[in-house]
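Below, chain A is the first sequence line, B the second, and so on; all start at residue 1. All figures in this text were calculated on a predicted structure; none of them were measured in a lab.
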Number of protein chains: 2
Amino acid sequence: MVTTSEAEALERHPELADLCPMPDIAKLIGGKWKLIILQILIFKGTKRFNELRRMIPGVTQTMLTNQLRALESDGLITRKVYAEVPPKVEYTATQRALDLEEMFHAMHNWWLKADG
Amino acid sequence: MVTTSEAEALERHPELADLCPMPDIAKLIGGKWKLIILQILIFKGTKRFNELRRMIPGVTQTMLTNQLRALESDGLITRKVYAEVPPKVEYTATQRALDLEEMFHAMHNWWLKADG
DNA sequence: GGATATAGTATTGAAATTGATACTATTGGA
DNA sequence: TCCAATAGTATCAATTTCAATACTATATCC
(Lines give C-alpha, C1' and ligand atoms only; values in the text may rest on other atoms or scores of the structure.)
Protein backbone atom coordinates (compact mmCIF):
# COMPACT_ATOMS: atom_id res chain seq x y z
CA MET A 1 0.00 0.00 0.00
CA VAL A 2 1.32 3.40 -0.95
CA THR A 3 -0.86 5.44 1.33
CA THR A 4 -0.60 7.71 4.35
CA SER A 5 -1.59 6.67 7.85
CA GLU A 6 -3.79 8.89 9.92
CA ALA A 7 -0.94 9.64 12.33
CA GLU A 8 1.37 10.70 9.50
CA ALA A 9 -1.31 12.85 7.94
CA LEU A 10 -1.92 14.71 11.18
CA GLU A 11 1.75 15.07 11.94
CA ARG A 12 2.46 16.63 8.58
CA HIS A 13 -0.78 18.58 8.43
CA PRO A 14 -1.74 19.64 11.95
CA GLU A 15 -4.29 22.06 10.48
CA LEU A 16 -6.44 19.06 9.61
CA ALA A 17 -7.18 18.42 13.26
CA ASP A 18 -10.19 20.74 13.31
CA LEU A 19 -11.95 18.88 10.51
CA CYS A 20 -14.38 16.23 11.68
CA PRO A 21 -13.70 12.66 10.64
CA MET A 22 -15.64 12.08 7.45
CA PRO A 23 -14.95 8.34 7.31
CA ASP A 24 -16.58 7.89 10.73
CA ILE A 25 -19.58 9.94 9.70
CA ALA A 26 -19.86 8.07 6.43
CA LYS A 27 -20.05 4.82 8.36
CA LEU A 28 -23.08 6.09 10.23
CA ILE A 29 -25.08 7.76 7.50
CA GLY A 30 -23.36 6.68 4.26
CA GLY A 31 -24.59 4.14 1.77
CA LYS A 32 -27.41 4.10 -0.70
CA TRP A 33 -30.38 3.96 1.67
CA LYS A 34 -29.58 5.38 5.10
CA LEU A 35 -30.04 9.05 4.25
CA ILE A 36 -33.44 8.56 2.66
CA ILE A 37 -34.63 6.39 5.55
CA LEU A 38 -33.50 8.97 8.07
CA GLN A 39 -35.00 11.80 6.05
CA ILE A 40 -38.42 10.15 6.13
CA LEU A 41 -38.32 9.19 9.81
CA ILE A 42 -37.03 12.62 10.84
CA PHE A 43 -39.40 14.75 8.78
CA LYS A 44 -42.41 12.48 8.45
CA GLY A 45 -42.38 10.73 11.80
CA THR A 46 -42.72 7.10 12.87
CA LYS A 47 -43.36 4.58 10.09
CA ARG A 48 -44.05 0.88 9.81
CA PHE A 49 -41.77 -1.39 7.83
CA ASN A 50 -43.99 -1.70 4.78
CA GLU A 51 -44.82 1.98 4.82
CA LEU A 52 -41.15 2.72 4.47
CA ARG A 53 -40.81 0.13 1.76
CA ARG A 54 -43.55 1.73 -0.28
CA MET A 55 -42.16 5.21 0.29
CA ILE A 56 -38.65 4.39 -0.87
CA PRO A 57 -38.46 3.69 -4.59
CA GLY A 58 -36.36 0.70 -5.53
CA VAL A 59 -35.53 -0.57 -2.06
CA THR A 60 -35.85 -4.31 -1.51
CA GLN A 61 -37.06 -5.96 1.67
CA THR A 62 -33.62 -7.36 2.33
CA MET A 63 -31.83 -4.04 2.05
CA LEU A 64 -34.44 -2.17 4.04
CA THR A 65 -34.11 -4.68 6.87
CA ASN A 66 -30.30 -4.49 6.77
CA GLN A 67 -30.15 -0.74 6.81
CA LEU A 68 -32.77 -0.39 9.51
CA ARG A 69 -30.84 -2.80 11.70
CA ALA A 70 -27.62 -0.89 11.11
CA LEU A 71 -29.26 2.43 11.95
CA GLU A 72 -30.76 0.87 15.06
CA SER A 73 -27.43 -0.47 16.28
CA ASP A 74 -25.88 2.96 15.72
CA GLY A 75 -28.53 4.54 17.92
CA LEU A 76 -30.19 6.56 15.18
CA ILE A 77 -33.55 4.82 15.17
CA THR A 78 -35.60 2.68 17.54
CA ARG A 79 -37.56 -0.41 16.61
CA LYS A 80 -40.80 -1.27 18.34
CA VAL A 81 -42.35 -4.69 17.78
CA TYR A 82 -46.03 -5.22 18.52
CA ALA A 83 -47.13 -8.73 19.47
CA GLU A 84 -49.79 -8.85 16.79
CA VAL A 85 -50.70 -10.89 13.79
CA PRO A 86 -50.07 -9.85 11.11
CA PRO A 87 -46.85 -8.44 12.52
CA LYS A 88 -46.47 -4.77 13.23
CA VAL A 89 -43.11 -3.08 13.66
CA GLU A 90 -42.60 0.64 13.98
CA TYR A 91 -39.44 2.63 13.37
CA THR A 92 -38.78 6.00 14.95
CA ALA A 93 -35.91 8.48 14.74
CA THR A 94 -34.01 8.95 18.01
CA GLN A 95 -32.97 12.34 19.32
CA ARG A 96 -29.53 11.72 17.90
CA ALA A 97 -31.10 11.40 14.46
CA LEU A 98 -33.40 14.37 14.99
CA ASP A 99 -30.26 16.40 15.62
CA LEU A 100 -29.42 15.80 11.97
CA GLU A 101 -32.28 18.06 10.94
CA GLU A 102 -29.98 21.04 10.50
CA MET A 103 -27.73 19.06 8.21
CA PHE A 104 -30.67 17.94 6.12
CA HIS A 105 -31.86 21.51 5.83
CA ALA A 106 -28.45 22.65 4.67
CA MET A 107 -28.40 19.84 2.12
CA HIS A 108 -31.87 20.73 0.97
CA ASN A 109 -30.98 24.39 0.51
CA TRP A 110 -27.85 23.44 -1.35
CA TRP A 111 -29.83 21.24 -3.67
CA LEU A 112 -32.48 23.91 -4.32
CA LYS A 113 -29.84 26.52 -5.04
CA ALA A 114 -28.76 24.70 -8.18
CA ASP A 115 -31.84 22.74 -9.11
CA GLY A 116 -34.24 25.68 -8.89
CA MET B 1 -38.25 -7.03 -8.16
CA VAL B 2 -40.66 -6.40 -5.35
CA THR B 3 -40.11 -2.69 -5.01
CA THR B 4 -41.94 0.57 -5.50
CA SER B 5 -41.30 2.92 -8.42
CA GLU B 6 -40.75 6.61 -7.80
CA ALA B 7 -44.05 7.49 -9.48
CA GLU B 8 -45.97 5.05 -7.30
CA ALA B 9 -44.27 6.29 -4.17
CA LEU B 10 -45.17 9.90 -4.89
CA GLU B 11 -48.73 9.04 -5.90
CA ARG B 12 -49.34 7.19 -2.66
CA HIS B 13 -47.31 9.57 -0.52
CA PRO B 14 -47.61 13.09 -1.95
CA GLU B 15 -46.15 14.48 1.27
CA LEU B 16 -42.79 13.15 0.15
CA ALA B 17 -42.58 15.72 -2.65
CA ASP B 18 -40.95 18.34 -0.43
CA LEU B 19 -38.04 16.10 0.50
CA CYS B 20 -34.99 16.55 -1.69
CA PRO B 21 -33.82 13.52 -3.67
CA MET B 22 -31.22 11.78 -1.56
CA PRO B 23 -30.17 9.31 -4.27
CA ASP B 24 -29.22 12.22 -6.56
CA ILE B 25 -27.29 13.92 -3.79
CA ALA B 26 -25.56 10.69 -2.89
CA LYS B 27 -24.36 10.38 -6.46
CA LEU B 28 -22.64 13.75 -6.19
CA ILE B 29 -21.10 13.55 -2.75
CA GLY B 30 -21.49 9.92 -1.71
CA GLY B 31 -18.79 7.29 -1.58
CA LYS B 32 -15.84 6.74 0.61
CA TRP B 33 -13.62 9.66 -0.42
CA LYS B 34 -15.61 12.52 -1.89
CA LEU B 35 -16.63 14.15 1.38
CA ILE B 36 -13.14 14.24 2.78
CA ILE B 37 -11.71 15.60 -0.47
CA LEU B 38 -14.32 18.34 -0.58
CA GLN B 39 -13.83 19.11 3.10
CA ILE B 40 -10.14 19.75 2.56
CA LEU B 41 -10.52 21.78 -0.62
CA ILE B 42 -13.36 23.85 0.85
CA PHE B 43 -11.80 24.59 4.23
CA LYS B 44 -8.09 24.42 3.45
CA GLY B 45 -8.05 25.83 -0.08
CA THR B 46 -6.36 24.71 -3.27
CA LYS B 47 -4.15 21.63 -3.06
CA ARG B 48 -1.88 19.67 -5.36
CA PHE B 49 -2.49 16.02 -6.09
CA ASN B 50 0.18 14.65 -3.81
CA GLU B 51 -0.69 17.08 -1.06
CA LEU B 52 -4.19 15.64 -1.02
CA ARG B 53 -2.81 12.13 -1.11
CA ARG B 54 -0.71 12.77 1.97
CA MET B 55 -3.56 14.50 3.77
CA ILE B 56 -6.06 11.69 3.25
CA PRO B 57 -5.16 8.58 5.25
CA GLY B 58 -5.53 5.35 3.34
CA VAL B 59 -6.39 6.72 -0.06
CA THR B 60 -4.58 5.18 -3.02
CA GLN B 61 -3.44 7.06 -6.09
CA THR B 62 -6.00 5.25 -8.20
CA MET B 63 -8.94 6.10 -6.02
CA LEU B 64 -7.87 9.69 -5.53
CA THR B 65 -7.62 10.18 -9.28
CA ASN B 66 -11.04 8.55 -9.85
CA GLN B 67 -12.80 10.61 -7.25
CA LEU B 68 -11.18 13.87 -8.32
CA ARG B 69 -12.25 13.24 -11.90
CA ALA B 70 -15.80 12.48 -10.79
CA LEU B 71 -15.96 15.63 -8.69
CA GLU B 72 -14.59 17.64 -11.59
CA SER B 73 -17.16 16.33 -14.04
CA ASP B 74 -19.90 17.13 -11.53
CA GLY B 75 -18.70 20.71 -11.35
CA LEU B 76 -17.58 20.61 -7.73
CA ILE B 77 -13.87 21.12 -8.27
CA THR B 78 -11.59 22.50 -10.99
CA ARG B 79 -8.35 20.98 -12.16
CA LYS B 80 -5.46 23.13 -13.29
CA VAL B 81 -2.49 21.51 -14.99
CA TYR B 82 0.83 23.33 -15.12
CA ALA B 83 3.15 22.53 -18.01
CA GLU B 84 6.06 21.74 -15.73
CA VAL B 85 8.32 18.89 -14.96
CA PRO B 86 7.83 17.25 -12.59
CA PRO B 87 4.10 17.63 -13.20
CA LYS B 88 2.03 20.02 -11.13
CA VAL B 89 -1.73 19.80 -10.93
CA GLU B 90 -3.86 21.87 -8.61
CA TYR B 91 -7.38 21.17 -7.42
CA THR B 92 -9.75 23.88 -6.23
CA ALA B 93 -13.30 23.85 -4.93
CA THR B 94 -15.82 25.61 -7.18
CA GLN B 95 -18.49 27.97 -5.85
CA ARG B 96 -20.96 25.08 -6.04
CA ALA B 97 -18.73 23.17 -3.64
CA LEU B 98 -18.13 26.18 -1.42
CA ASP B 99 -21.90 26.38 -1.03
CA LEU B 100 -21.65 23.08 0.84
CA GLU B 101 -19.93 24.85 3.71
CA GLU B 102 -23.16 25.18 5.65
CA MET B 103 -23.81 21.47 5.33
CA PHE B 104 -20.32 20.66 6.55
CA HIS B 105 -20.78 22.95 9.52
CA ALA B 106 -24.04 21.25 10.43
CA MET B 107 -22.33 17.88 10.13
CA HIS B 108 -19.45 19.08 12.25
CA ASN B 109 -21.76 20.37 14.98
CA TRP B 110 -23.70 17.14 14.93
CA TRP B 111 -20.53 15.16 15.32
CA LEU B 112 -19.25 17.32 18.19
CA LYS B 113 -22.57 17.10 20.00
CA ALA B 114 -22.08 13.38 20.60
CA ASP B 115 -18.35 13.01 20.45
CA GLY B 116 -17.61 15.82 22.86
C1' DG C 1 -61.26 -22.66 1.18
C1' DG C 2 -57.98 -19.64 -0.82
C1' DA C 3 -55.98 -15.19 -1.32
C1' DT C 4 -53.85 -11.24 0.94
C1' DA C 5 -51.26 -8.73 4.18
C1' DT C 6 -47.58 -8.37 7.63
C1' DA C 7 -42.40 -8.36 8.80
C1' DG C 8 -39.32 -10.61 8.34
C1' DT C 9 -34.92 -14.70 7.37
C1' DA C 10 -31.82 -17.42 4.54
C1' DT C 11 -29.42 -18.26 0.57
C1' DT C 12 -27.31 -17.36 -3.60
C1' DG C 13 -25.54 -14.51 -7.07
C1' DA C 14 -24.51 -10.23 -9.44
C1' DA C 15 -22.72 -5.72 -9.59
C1' DA C 16 -20.31 -1.90 -8.03
C1' DT C 17 -16.70 -0.11 -5.53
C1' DT C 18 -12.25 -0.18 -4.00
C1' DG C 19 -7.36 -1.69 -3.78
C1' DA C 20 -2.59 -3.48 -5.34
C1' DT C 21 0.85 -3.47 -8.51
C1' DA C 22 3.52 -2.13 -12.13
C1' DC C 23 4.42 1.22 -15.48
C1' DT C 24 5.15 6.14 -17.90
C1' DA C 25 8.14 10.76 -18.46
C1' DT C 26 11.39 14.27 -17.04
C1' DT C 27 14.09 17.21 -13.98
C1' DG C 28 17.01 18.21 -10.10
C1' DG C 29 20.04 16.77 -6.64
C1' DA C 30 23.73 13.59 -4.24
C1' DT D 1 25.24 8.02 -12.73
C1' DC D 2 21.53 6.87 -10.06
C1' DC D 3 17.69 8.01 -7.22
C1' DA D 4 13.68 10.62 -5.76
C1' DA D 5 9.69 13.30 -6.85
C1' DT D 6 5.57 14.41 -9.67
C1' DA D 7 0.88 13.07 -11.55
C1' DG D 8 -0.74 10.16 -13.42
C1' DT D 9 -2.58 5.28 -16.48
C1' DA D 10 -3.57 0.38 -17.10
C1' DT D 11 -4.68 -3.99 -15.50
C1' DC D 12 -6.29 -7.25 -12.50
C1' DA D 13 -7.95 -8.85 -8.00
C1' DA D 14 -10.47 -8.42 -3.77
C1' DT D 15 -13.97 -6.64 -1.10
C1' DT D 16 -18.25 -4.72 -0.19
C1' DT D 17 -22.59 -3.70 -1.40
C1' DC D 18 -26.75 -4.76 -3.34
C1' DA D 19 -30.48 -7.63 -5.40
C1' DA D 20 -33.46 -11.83 -6.43
C1' DT D 21 -35.79 -15.61 -4.91
C1' DA D 22 -37.98 -18.57 -1.96
C1' DC D 23 -39.58 -19.37 2.53
C1' DT D 24 -41.90 -18.56 7.50
C1' DA D 25 -46.46 -17.63 10.50
C1' DT D 26 -51.24 -16.28 11.37
C1' DA D 27 -55.47 -13.46 11.09
C1' DT D 28 -58.85 -11.45 8.30
C1' DC D 29 -61.51 -10.90 4.10
C1' DC D 30 -64.21 -12.68 0.01
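- The base of D:dA19 has none of its N or O atoms less than 3.5 Å from a complementary donor or acceptor on the side chain of B:T3.
- A salt bridge between B:D18 and A:K44 is present, with a side-chain N of the basic residue lying under 4.0 Å from a carboxylate O of the acidic one.
- Side-chain contact between B:L52 and B:Y91 is present, with at least one heavy-atom pair separated by less than 4.5 Å.
- Heavy-atom nearest nucleotides on DNA chain D were determined for B:P86 and for A:P87, and the one closer to the 5' end corresponds to B:P86.
- In this structure, B:K88 is positioned above the aromatic face of B:Y82, its NZ or CZ under 6.0 Å from the six-membered ring centre and within 45° of the axis.
- Residue B:F49 places its side chain closer to D:dA7 than to any other of D:dA27, D:dA7, C:dA7.
- For C:dG8, the OP1/OP2 oxygens have no side-chain nitrogen or oxygen of A:Y82 closer than 4.0 Å.
- Counting any heavy atom pair closer than 4.0 Å across all strands shown, B:E84 reaches no nucleic acid atom.
- Here B:R53 lies out of heavy-atom contact (under 4.0 Å) with every strand.
- For the pair A:M63 CE and D:dT21 C1', the interatomic distance rounds to 16 Å; values are reported in whole Å.
- For an aromatic pair to be called close, the ring centres must be under 6.0 Å apart, and B:H108 with B:F43 fails this.
- Within the 4.0 Å cut-off from OP1 or OP2 of D:dT6, not a single side-chain nitrogen or oxygen of B:R48 is found.
- Look at A:K32 and you'll find a side-chain N or O under 4.0 angstrom from OP1 or OP2 of D:dA19.
- What separates CD of B:Q61 from P of D:dT6 is a distance of 10 Å, to the nearest Å.
- Close to C:dT6, at under 4.0 Å from its OP1 or OP2, lies a side-chain N or O of A:R54.
- Side-chain N/O atoms of A:R69 include one lying less than 4.0 angstrom from OP1 or OP2 on C:dT9.
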